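Each chain gets a letter, A, B and so on, in the order the sequences are listed, and its residues count up from 1. Please read these numbers as outputs of a predicted model, since none were measured by experiment.
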There are 2 protein chains.
Amino acid sequence: MVKRGKITMNDVAQLAGVSTMTVSNVINDRVRVSPEARERVLAAIRESGYQINAAARSLRSGRSGVIGLAVPQVGNPYFGMFAELVIAEARRHGYHIAVEQTGAVALGETAAVAQSRRLQLDGLILSLSTAEAESSLLQTTEQGLPIVVLGEQDPAGRFDHVSAPDEAGAAAATAHLVDLGCKRIAVVTGGNLDRLTMFTRRYNGYRTALEDRGIRPDPKLRFIVDSLTREGARSTGHRIADSGLGVDGVVALNDIVAMGVIRGLRDRGVAVPDDMRVIGFDDVPAAAYFIPSLSTVSPDHEWKAAKAVELILSRIEDPLAPPREYTAPFAIVRRESTA
Amino acid sequence: MVKRGKITMNDVAQLAGVSTMTVSNVINDRVRVSPEARERVLAAIRESGYQINAAARSLRSGRSGVIGLAVPQVGNPYFGMFAELVIAEARRHGYHIAVEQTGAVALGETAAVAQSRRLQLDGLILSLSTAEAESSLLQTTEQGLPIVVLGEQDPAGRFDHVSAPDEAGAAAATAHLVDLGCKRIAVVTGGNLDRLTMFTRRYNGYRTALEDRGIRPDPKLRFIVDSLTREGARSTGHRIADSGLGVDGVVALNDIVAMGVIRGLRDRGVAVPDDMRVIGFDDVPAAAYFIPSLSTVSPDHEWKAAKAVELILSRIEDPLAPPREYTAPFAIVRRESTA
DNA sequence: TTGTAGGCGTTATCAT
DNA sequence: ATGATAACGCCTACAA
């Protein structure tokens with residue numbers, strides 16, 4: 001009894017001997033439908049293998065039941081893990097997630113926003129890496145796409161925003177190294193430090209932690225990765241090993257970089273933690289299994305994912321509510337790399 | 001001049017002083033439109049911030065321009081990397097990718113298929129981990145959803161299929177260890193070995209490589225991970241270290257497992273490669289940066305992604321063509337873990 | 001080259 | 001409780 005091609009609600013209605021609206025009412029259990037009618041409809045659905053047409057529903061209702069999640073790359077361990085959590089959390093609320101990739105560039109972030117509108121997504125959780133995408137964001141919210149921003153904050157503070165504990169986390173990481181007796185603590189950060197970015201905030205955390213303990217941050221101990229990749233981090237590890245600056249501790253801006261740096265140090269025969277201690281940021285799944293296992297700042301990822309979903313849903317409910325700002329709680333996880 | 005709410009093609013037409021169809025024709029550059037009209041339309045689009053409504057287009061045309069990609073989890077390094085490549089390749093062909101997660105269970109795989117139909121996806125690239133989802137697949141293709149299968153092959157061979165070089169790759173990995181002088185080579189695999197799965201095929205590769213060299217595979221050297229996670233692999237590493245079997249080489253079914261095993265060995269003071277050599281499978285991005293860097297079977301991931309996209313596009317073109325079968329080329333990458 | 005009519009599958013509204 | 005009707009925004013077919 002399986003019909004080839006498209007089976008519509010109408011087909012189901014005929015099969016069940018009811019009207020299209022009754023089928024629709026059963027599916028969405030909107031109004032009271034008599035038990036017999038409901039039963040016949042459900043049987044007809046099973047028999048025909050009917051699947052609702054999301055395009056038609058979305059066109060008619062204006063809602064797609066899909067929320068976008070735009071991240072730089074899903075292949076990145078951090079964003080891959082985060083996407084998984086968001087997908088699970090959204091499903092709990094009856095929503096589906098569509099993953100977009102921005103490549104961490106403004107063009108990609110703008111494109112993700114445009115794409116979300118085209119696809120009639122009900123909202124967008126956007127992990128921002130640039131500030132340049134802001135103007136397109138503003139235009140978009142004016143046109144009614146609810147947005148929650150992660151990572152970089154828009155300067156005007158007009159969006160719901162969930163951030164990592166950048167300053168406090170980096171400060172705690174730095175303090176951890178100081179407490180262990182490290183005297184020459186380097187920091188590995190990225191990009192330029194003019195604007196207030198994730199890099200800047202983590203760097204600031206490092207600096208204030210040192211200053212709080214009466215240590216003058218040495219500009220020579222600030223290493224900039226030339227690219228935010230494992231390879232970029234590895235060569236930064238080489239530079240640190242070759243620097244002759246007597247570095248005995250490293251605060252890395254994230255775990256990928258930390259592991260790349262450790263790998264680079266190892267290339268030069270520098271052992272972690274024996275010769276130098278290293279701490280990361282993010283607590284990606286691989287961190288606990290790296291050799292040496294990686295000490296790191298561990299933000300509550302589940303909390304972050306749940307908060308992002310909660311915010312986007314309430315923003316969809318009430319587009320005009322004032323924007324809200326949250327920072328994830330964190331803990332320092334001590335592992336072998338700072339033993 | 002930015003209008004709030006939904007801007008339709010009609011609004012653009014009015015703004016430009018033309019008919020809706022002219023706007024549609026400009027957007028899809030279908031027929032010849034006079035330069036002046038086209039210019040006015042483009043200006044109106046820019047001015048209004050118009051975005052085409054994908055739901056309406058999809059409803060009308062029956063095509064969404066979106067291809068589904070169903071993988072177990074995007075947080076997994078292998079699938080995250082693979083998703084990235086597929087997304088990039090699809091974009092090159094003007095298609096968008098929607099990522100689904102199956103959790104590597106039959107229920108999830110079936111659900112992904114149903115979801116793809118609901119969402120009017122033009123096709124589905126499905127990374128299969130189970131055989132149970134097969135019946136639902138068959139029903140689906142009958143209803144016109146083009147499918148390309150990765151990973152597990154459906155027993156009936158009714159789908160386009162791209163596989164990893166499981167047997168040949170595992171055999172080459174094993175041969176590599178033999179050539180290095182390993183005498184007691186263990187294999188770490190998963191699940192039961194009754195059906196022909198990825199596990200079975202890689203295990204078979206290991207076995208035939210040994211037999212080809214006149215070595216009798218010792219059943220005691222076959223270790224089964226109780227869960228396909230880093231933690232499961234780590235505890236397998238413990239078991240290998242504690243086994244007292246004199247293992248001097250390990251063929252792991254994939255890189256995640258290989259790294260987990262190395263971590264577990266390290267927990268027991270077994271050094272890789274000094275005390276024991278380990279080789280993985282997949283060449284995930286992290287493999288080259290692990291300590292020790294991981295020797296592994298490196299399938300051509302880009303080839304695989306490109307082939308999957310190529311197959312799904314041609315399947316969309318011609319739903320009735322006979323199914324095709326491809327296996328990715330590979331190379332053995334020698335790194336520190338087998339030095 | 002441009003415009004008009006109709007329908008894709010669903011649901012809101014109103015009527016029975 | 002159930003059904004008829006119209007409309008969501010776009011595109012195919014045809015007409016001008």
Q: What heavy-atom pair brings P322(A) and R315(A) nearest, and what distance separates the two atoms?
A: O-NH2, 3.3 Å

Q: Is S19(A) close enough to dT2(D) that one of its side-chain N or O atoms is under 4.0 Å from OP1 or OP2 there?
A: no

Q: Taking 4.0 angstrom as the limit, do E39(B) and R46(B) come out as a salt bridge?
A: yes

Q: Select from L59(B) and T22(B) the residue whose nearest nucleotide in DNA chain C is closer to the 5' end of that strand.
A: T22(B)

Q: Just one of V86(A), D160(A), I147(A), V71(A) clears the side chain to side chain contact (heavy atoms under 4.5 Å, CB included) bar with I125(A), so which one?
A: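 Passing option: V86(A).
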
Q: Start with the C-alpha gap between S24(B) and N28(B), add the side-chain angles, then the distance that decides, and say whether side-chain contact (heavy atoms from CB on, under 4.5 Å) holds.
A: CA-CA 6 Å; S24(B) 175; N28(B) 301 288; 3.5 Å; yes

Q: Begin with the C-alpha distance, continue with both residues' side-chain angles, and end with the deciding distance and a verdict on side-chain contact (heavy atoms from CB on, under 4.5 Å) for L311(B) and Y326(B).
A: CA-CA 10 Å; L311(B) 283 178; Y326(B) 291 95; 3.8 Å; yes

Q: Decide yes or no on side-chain contact (heavy atoms from CB on, under 4.5 Å) for Y50(B) and M9(B), but give the supporting numbers first.
A: CA-CA 8 Å; Y50(B) 169 74; M9(B) 217 174 232; 3.8 Å; yes

Q: Give M9(B) one of three labels, base, sugar-phosphate or nothing, depending on what nucleic acid heavy atoms sit under 4.0 Å from its own.
A: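 M9(B): backbone/sugar contact only, no base atoms under 4.0 Å.
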
Q: Please test Y95(B) against I312(B) for side-chain contact (heavy atoms from CB on, under 4.5 Å), starting from the C-alpha separation and ending with a verdict.
A: CA-CA 11 Å; Y95(B) 276 82; I312(B) 196 71; over 6 Å; no

Q: Taking for each residue the nucleotide of DNA chain C bearing the nearest heavy atom, is the 5' side occupied by A37(B) or by S61(B)?
A: A37(B)

Q: Per the atom types in the model, does the base of dC10(D) pair as donor or acceptor with the side chain of R60(B) at under 3.5 Å?
A: no

Q: Quick check: on DNA chain D, is the nucleotide nearest M21(B) upstream (toward 5') of the one nearest A55(B), or the reverse? Name the residue that is more 5'.
A: A55(B)

Q: Under 4.0 Å from OP1 or OP2 of dC11(D): is there any side-chain N or O of N28(B) that close?
A: yes

Q: Grab the CD-C1' distance between Q14(A) and dG3(D) for me, whole Å please.
A: 14 Å

Q: Students should find this one: the first and last nucleotides of DNA chain C, 5' to 3', lying under 4.0 Å from a heavy atom of chain A. What are they?
A: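 The protein-touched segment is dG9(C) to dA12(C).
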
Q: So, do S163(B) and E325(B) sit near enough that their side-chain heavy atoms are less than 4.5 Å apart?
A: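 Result yes, sub-4.5 Å side-chain heavy-atom pair found.
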
Q: Please give the angle, rounded to 10 degrees, between the axes at the start and the end of the helix from dT1(C)-dA16(D) to dT16(C)-dA1(D), where five pairs define each axis.
A: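 End-to-end axis angle: 40°.
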
